[in-house]
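Letters go in sequence order (proteins before strands), and every chain restarts at 1.
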Number of protein chains: 2
Amino acid sequence: MPPRRQANRNSESVDNYLKAILSLGGVEHRRVTSTALAGHLGVAPASVTNMLQKLASAPTPMVEYERHRGVQLSADGKRRALEIVRHHRLIETFLYEVLDYPIEEVHEEAERLEHFISERFEERIAAKLGHPRIDPHGHSIPTMEGEMTEPNSVPLTEVLQGGTFVIDSVSDRDAHTLRELKASGIRPGAQLRVRKNTPAEGYSVSIGRSSRAVGLSREAAGDIRLVPSTK
Amino acid sequence: MPPRRQANRNSESVDNYLKAILSLGGVEHRRVTSTALAGHLGVAPASVTNMLQKLASAPTPMVEYERHRGVQLSADGKRRALEIVRHHRLIETFLYEVLDYPIEEVHEEAERLEHFISERFEERIAAKLGHPRIDPHGHSIPTMEGEMTEPNSVPLTEVLQGGTFVIDSVSDRDAHTLRELKASGIRPGAQLRVRKNTPAEGYSVSIGRSSRAVGLSREAAGDIRLVPSTK
DNA sequence: CCTAATAATTAGGTATACCTAAATCAAGGA
DNA sequence: TCCTTGATTTAGGTATACCTAATTATTAGG
Ligand SMILES: [Mn+2]
Ligand SMILES: [Mn+2]
Ligand SMILES: [Mn+2]
Ligand SMILES: [Mn+2]
């Protein structure tokens with residue numbers, strides 16, 4: 001019979017806009033510009049304006065929008081965005097832990113499935129995984145109640161002094177970069193010593209106890225986030 | 001960037017039309033009428049006509065369609081339909097075996113997810129499950145190559161003589177009926193003795209070695225398929 | 001062989017979510 | 001303050017996938 005997925009609220013597109021606003025605006029709710037969203041989502045700026053107007057003028061608006069001044073998530077919008085992020089990261093963890101996906105392939109699959117799983121599915125994989133708080137890239141998984149801790153980590157490209165760090169997370173965006181990082185032993189939790197990290201000199205690190213220098217592209221370096229070594 | 005799911009070919013709607021044509025026309029490719037499809041899919045007959053015309057006039061047509069004479073799947077259409085059925089039944093098996101879903105809830109979740117999983121996901125759950133050939137309802141799972149064996153089972157309502165049978169499958173369509181069947185111990189593989197099965201007298205059976213009579217609604221009876229007991 | 005009833009198609013709309021091109025706005029520098 | 005320019009929005013389209021109402025085919029009965 002008619003499964004009919006309803007308009008606005010809850011479509012795959014809407015979900016992706018909300019996630020993008022959360023990601024660009026952070027949990028501090030910085031206003032996000034149409035152009036930034038257009039870039040992030042890969043759609044034309046005009047399409048963004050259109051969608052924002054719809055989202056803002058819904059009966060229970062998902063965003064707070066003012067012409068020419070960008071958007072912010074409403075409380076409802078933030079709740080939904082965090083739910084999708086939870087789906088995404090739980091799915092990634094599940095694919096990695098239970099279905100033995102290579103880490104560089106989990107993101108793409110999760111990006112699709114996050115919109116279509118039920119609350120039951122979410123609950124079941126969370127239980128199966130022991131209610132994990134961190135996904136395979138090192139990103140924190142929002143709780144069922146929509147709480148998410150922000151990392152106090154810093155991109156490798158922005159670390160000022162050299163020294164020893166622990167890898168907090170790696171970006172999930174680019175499968176190719178991720179495959180390279182994996183090959184060099186760069187994964188969340190590993191120890192990393194910064195040798196060079198300036199645009200001029202390039203990027204070079206050592207992993208774990210090894211003293212071997214590992215060179216990194218600018219892009220790869222920007223995809224690694226570090227926290228100070230506690231040891 | 002642009003994940004852009006492509007037109008026609010491969011949309012969730014198209015998948016559902018192809019599955020419906022397969023289901024109504026059987027693997028023997030009986031022609032299927034627009035009205036039958038409309039009923040099965042819960043859409044207006046006019047919508048069906050429209051879709052069939054598009055599917056039939058695509059560069060590589062998924063169906064063979066003639067005005068006023070119904071449709072049949074093309075070889076391509078059949079391949080796709082069987083792939084979706086494989087997805088559906090593997091997902092059901094996975095939800096049941098790995099995620100401990102109650103049997104009456106697997107269908108709805110599978111109905112959505114079947115359209116969105118990757119080939120990798122399909123392959124991984126199949127491997128995890130040991131390449132099962134039958135889903136939790138007793139339906140056979142098409143192979144990766146698109147082979148599916150048709151059951152030679154008969155609905156309980158169409159069994160002529162009484163006697164002892166083995167339950168081949170139960171319908172997955174109605175969660176409510178399924179819950180009731182489960183409560184009576186009616187599941188694929190179980191032994192079933194037919195006591196009464198006429199519209200006039202109603203439907204009554206015994207399960208396993210028990211001699212207790214279990215009454216069934218007409219609808220429930222039609223949802224049970226039997227094969228002769230080999231013992 | 002004609003005619004109703006029924007099945008199916010056509011015609012004309014809606015909503016979502018995109019796009020391009022043409023306005024228009026906001027802000028910073030002169 | 002005014003003007004230029006880049007950002008944003010408006011205007012006008014496209015494609016998918018639905019719907020209702022009107023029209024046309026098919027077919028079975030008389
Ligand atoms: Mn990801
Ligand atoms: Mn997504
Ligand atoms: Mn099913
Ligand atoms: Mn489906």
Side-chain angles (χ1 to χ4, degrees), chain A residues 1-21 24-25 30-59 61-72 80 111-112 115-116, chain B residues 1-21 24-25 30-59 61-72 80 111-112 115-116:
Chain A
M1 300 52 190
R4 195 93 341 108
R5 205 132 33 254
Q6 195 212 348
N8 231 329
R9 203 169 207 86
N10 268 47
S11 82
E12 186 178 358
S13 264
V14 170
D15 284 352
N16 285 333
Y17 276 87
L18 298 177
K19 265 205 329 182
I21 297 168
L24 294 169
R30 285 184 302 271
R31 296 193 86 88
V32 176
T33 67
S34 302
T35 312
L37 278 171
H40 195 268
L41 292 166
V43 301
S47 306
V48 173
T49 299
N50 243 277
M51 178 63 98
L52 295 183
Q53 290 173 344
K54 262 196 314 211
L55 292 179
S57 63
M62 300 299 262
V63 302
E64 190 265 286
Y65 163 76
E66 269 180 283
R67 272 179 92 212
H68 292 282
R69 359 187 81 264
V71 264
Q72 281 177 283
R80 179 67 183 166
E111 192 66 38
R112 241 177 309 112
H115 311 287
F116 304 110
Chain B
M1 299 60 186
R4 194 94 342 105
R5 206 132 32 255
Q6 197 210 346
N8 232 330
R9 202 168 207 87
N10 268 46
S11 83
E12 186 178 359
S13 265
V14 170
D15 284 352
N16 285 333
Y17 276 87
L18 299 177
K19 264 206 328 180
I21 297 167
L24 294 170
R30 286 184 302 271
R31 297 193 84 88
V32 175
T33 67
S34 301
T35 312
L37 278 171
H40 196 268
L41 292 167
V43 302
S47 306
V48 173
T49 300
N50 243 277
M51 179 62 100
L52 295 182
Q53 290 173 343
K54 261 196 316 212
L55 293 179
S57 64
M62 300 300 262
V63 303
E64 190 264 285
Y65 163 76
E66 268 180 283
R67 269 178 98 215
H68 293 281
R69 356 188 85 262
V71 263
Q72 282 178 284
R80 178 67 182 167
E111 192 65 41
R112 243 176 308 114
H115 310 288
F116 304 110

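Exactly one residue among B:T49, B:V32, B:L55 makes a side-chain contact (heavy atoms from CB on, under 4.5 Å) with B:Y65. That residue is B:T49. Evaluated for a side-chain contact (heavy atoms from CB on, under 4.5 Å) with B:V43, the options B:L37, B:N50, B:V48 yield exactly one hit, B:V48.
With sequence neighbours excluded, no residue forms a side-chain hydrogen bond (donor to acceptor under 3.5 Å, both in side chains) with A:Q53.
Rounded to whole Å, atom P of C:dT9 lies 15 Å from atom NZ of B:K54. Rounded to whole Å, the distance from CG on B:L41 to C1' on D:dC19 is 15 Å. Rounded to an integer number of Å, the gap from CG of A:L55 to P of C:dC18 is 11 Å.
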Check the pair A:E111, A:K19 against side-chain contact (heavy atoms from CB on, under 4.5 Å), reporting the backbone distance first and the verdict last. CA-CA 11 Å; A:E111 192 66 38; A:K19 265 205 329 182; 2.9 Å; yes
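Residue A:Y17 places no side-chain N or O under 4.0 Å from the OP1 or OP2 atom of C:dT16. At C:dC18, one or more side-chain N or O atoms of A:S13 fall inside 4.0 Å of OP1 or OP2 (strictly under the cut-off).
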Distances under 3.5 Å between protein N/O atoms and the N/O atoms of nucleotides 9-13 of chain D, please, pair by pair.
residue : atom : partner : partner atom : Å
D:dT9   : OP1  : A:Y65   : OH           : 2.3
D:dT9   : OP1  : A:H68   : N            : 3.0
D:dT9   : OP2  : A:S34   : OG           : 2.8
D:dT9   : OP2  : A:T49   : OG1          : 2.7
D:dT10  : OP2  : A:Q53   : NE2          : 2.5

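Nearest to the side chain of B:A44, among D:dC18, C:dC18, D:dC19, sits D:dC19.
Checking side-chain atoms of A:R31 against main-chain N and O of A:Q72 turns up no donor-acceptor pair under 3.5 Å.
Ion pairing between B:R69 and B:E64 fails under the 4.0 Å rule for side-chain N and carboxylate O.
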